[in-house]
*Asks:* 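Take a look at the following structure, please.
Because only heavy atoms are used, hydrogens play no part in the values below, and waters and symmetry mates are left out as well, while side chains stay in. What you are looking at is a predicted structure, and each value in this text was computed from that prediction instead of being measured.
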Amino acid sequence: MTTVAIDAALARRWSPRALDPARPLARAHLQALLEAARWAPSCFGDQPWRFVCWDRSRDPAGFAAALATLSEGNRVWAQHAAVLLLAVACADFRHNGQPNRWAQYDTGAASENLCIQAAALGLAAHQMGGFDAAAVTKLAGLPERATPMAMIAIGHPAPADVLPEALRTRETGARTRLALSGIAFEGGWAQPLGD
């Protein structure tokens, strides 16, 4: 539970691993997720993010190849996702070709928009850092100045009992976060925000 009331869509968002392998993702839902990402804020409105999608029901071989780039621990559960998405940050501004030092930050904002939209649609979205960046770069054919930031597993939620025991415990455990006093400072570093 949040300590301060926040919007329900934000409070519902989490990163489940239990996914239903029998349910494909409707194309309209995938488009809604990507549209939510499209409307994220970015420096100069540059939208430096790109998403490469592998849909298990439409392209099983492509999905398998993308899945193979994940760490072993992620493959155990992500194999049941309906879609794998690769979030990519383009390093240079479109309007002048200069380096965009905010590209990765903005790509994170777009990815979070996507995840919040997934929660609003009753879908599961789980962002992962455990993947082989070189392998997925080659698989996706990324250009030189594009950086793979995260793989995102998307699917329909399933009961936690579909997971191996170790993951089931994590899936059903309490969600925790640092206290506000540990992340929000006022006037300088490590000076907690007051009431």
*Asks:* Could you give the distance from CD (Q191) to CG (L193), rounded to the nearest 0.5 Å?
*Replies:* 11.0 Å
*Asks:* Can you measure from CZ (F51) to CG (L30) and round to the nearest 0.5 angstrom?
*Replies:* 10.5 Å
*Asks:* Let me check something: do L34 and M151 share a hydrophobic cluster, defined by ILVMFWY side-chain heavy atoms less than 4.5 Å apart, either directly or through other members?
*Replies:* no
*Asks:* Between the side chains of E171 and R168, is the shortest nitrogen-to-carboxylate-oxygen separation below 4.0 Å, so that they form an ion pair?
*Replies:* no
*Asks:* Taking all atoms of both residues into account, what is the closest heavy-atom pair of G194 and E186, and its distance?
*Replies:* N-OE1, 3.2 Å
*Asks:* A side-chain contact here means heavy atoms from C-beta on lying under 4.5 Å apart; do E112 and Q127 qualify?
*Replies:*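 Yes. Closest side-chain heavy atoms under 4.5 Å.
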*Asks:* Is there a donor-acceptor pair under 3.5 Å between the side chain of N74 and the backbone N or O of F131?
*Replies:*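 Looks like no, no N/O pair under 3.5 Å.
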*Asks:* Show the nearest heavy-atom pair for residues R175 and R13, with the distance to one decimal.
*Replies:*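 Shortest heavy-atom contact: NH2-O, 2.7 Å.
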*Asks:* Please name the pair of heavy atoms, one in I154 and one in A125, separated by the smallest distance, quoted to 0.1 Å.
*Replies:*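 Distance-wise, the nearest heavy atoms are CD1-CB, 3.6 Å.
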*Asks:* With the 4.5 Å side-chain cut-off for hydrophobic clustering, are M149 and L84 part of the same group?
*Replies:*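 In one cluster: no.
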*Asks:* Looking at every non-hydrogen atom in both residues, tell me the closest pair between A160 and T172 and how far apart they are.
*Replies:*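 Between these two residues, the closest heavy atoms are CB-CG2, 3.6 Å.
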*Asks:* Can you establish whether the number of heavy atoms outside F185 located under 6.0 Å from its atom CZ is more than 12?
*Replies:* yes
*Asks:* E165 and side-chain contact (heavy atoms from CB on, under 4.5 Å): which partner among D161, L163, T169?
*Replies:*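 Between E165 and the candidates, side-chain contact (heavy atoms from CB on, under 4.5 Å) is satisfied uniquely by T169.
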*Asks:* Taking the side chain as every heavy atom from C-beta outward, state whether D55 and R27 have any pair of such atoms under 4.5 Å apart.
*Replies:* yes
*Asks:* Please answer: with hydrophobic residues joined when any side-chain heavy atoms are less than 4.5 Å apart, are V52 and M128 in the same cluster?
*Replies:* yes
*Asks:* Please walk me through it: do T2 and L10 pass side chain to side chain contact (heavy atoms under 4.5 Å, CB included)?
*Replies:* CA-CA 10 Å; T2 62; L10 295 168; over 6 Å; no
*Asks:* Would you compute the distance between atom CG of D92 and atom CZ of R145 and round it to the nearest 0.5 angstrom?
*Replies:*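 Reported value, rounded in 0.5 Å steps: 4.0 Å.
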*Asks:* State which residue, out of L86, V88, L142, fulfils the side-chain contact (heavy atoms from CB on, under 4.5 Å) condition with V136.
*Replies:* L86
*Asks:* As an exercise, state the distance from OG1 of T107 to CD of Q47, rounded to the nearest 0.5 Å.
*Replies:*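 The OG1 atom of T107 sits 10.5 Å away from the CD atom of Q47.
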*Asks:* Report the distance from atom CD1 of I116 to atom CG of L121, rounding to the nearest 0.5 Å.
*Replies:* 12.0 Å
*Asks:* Measure the shortest side-chain to side-chain distance between L123 and H156 over non-hydrogen atoms and say whether it is less than 4.5 angstrom.
*Replies:* yes
*Asks:* Evaluate the ring planes of F93 and F44, with Trp represented by its six-membered ring, and classify them as parallel (under 30°), tilted (30 to 60°) or perpendicular (over 60°).
*Replies:*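 F93 and F44: perpendicular rings.
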*Asks:* Check for me, please, whether L178 and V4 land in the same ILVMFWY cluster - side-chain distances under 4.5 Å, paths through other members count.
*Replies:* yes
*Asks:* In Å, rounded to the nearest 0.5 Å, how long is the span from CG of D132 to CG of L139?
*Replies:*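 D132 CG to L139 CG: 10.5 Å, rounded to 0.5 Å.
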*Asks:* When you measure from the side chain of D20 to the backbone N and O of G155, does any donor-acceptor pair fall under 3.5 Å?
*Replies:* no
*Asks:* Search all heavy atoms of A103 against all heavy atoms of A89 and return the closest pair with its distance.
*Replies:*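 Nearest pair, atom of A103 first, then A89: O-CB, 4.0 Å.
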*Asks:* As a quick check of understanding, evaluate side chain to side chain contact (heavy atoms under 4.5 Å, CB included) for L67 and R56, giving each step before the final call.
*Replies:* CA-CA 10 Å; L67 184 69; R56 187 162 48 90; over 6 Å; no
*Asks:* Grab the two heavy atoms, one from A153 and one from L19, that are nearest each other, plus how far apart they are.
*Replies:* CB-CD1, 4.4 Å
*Asks:* Would W49 end up clustered with I152 when hydrophobic side chains under 4.5 Å apart are linked, directly or stepwise?
*Replies:* yes
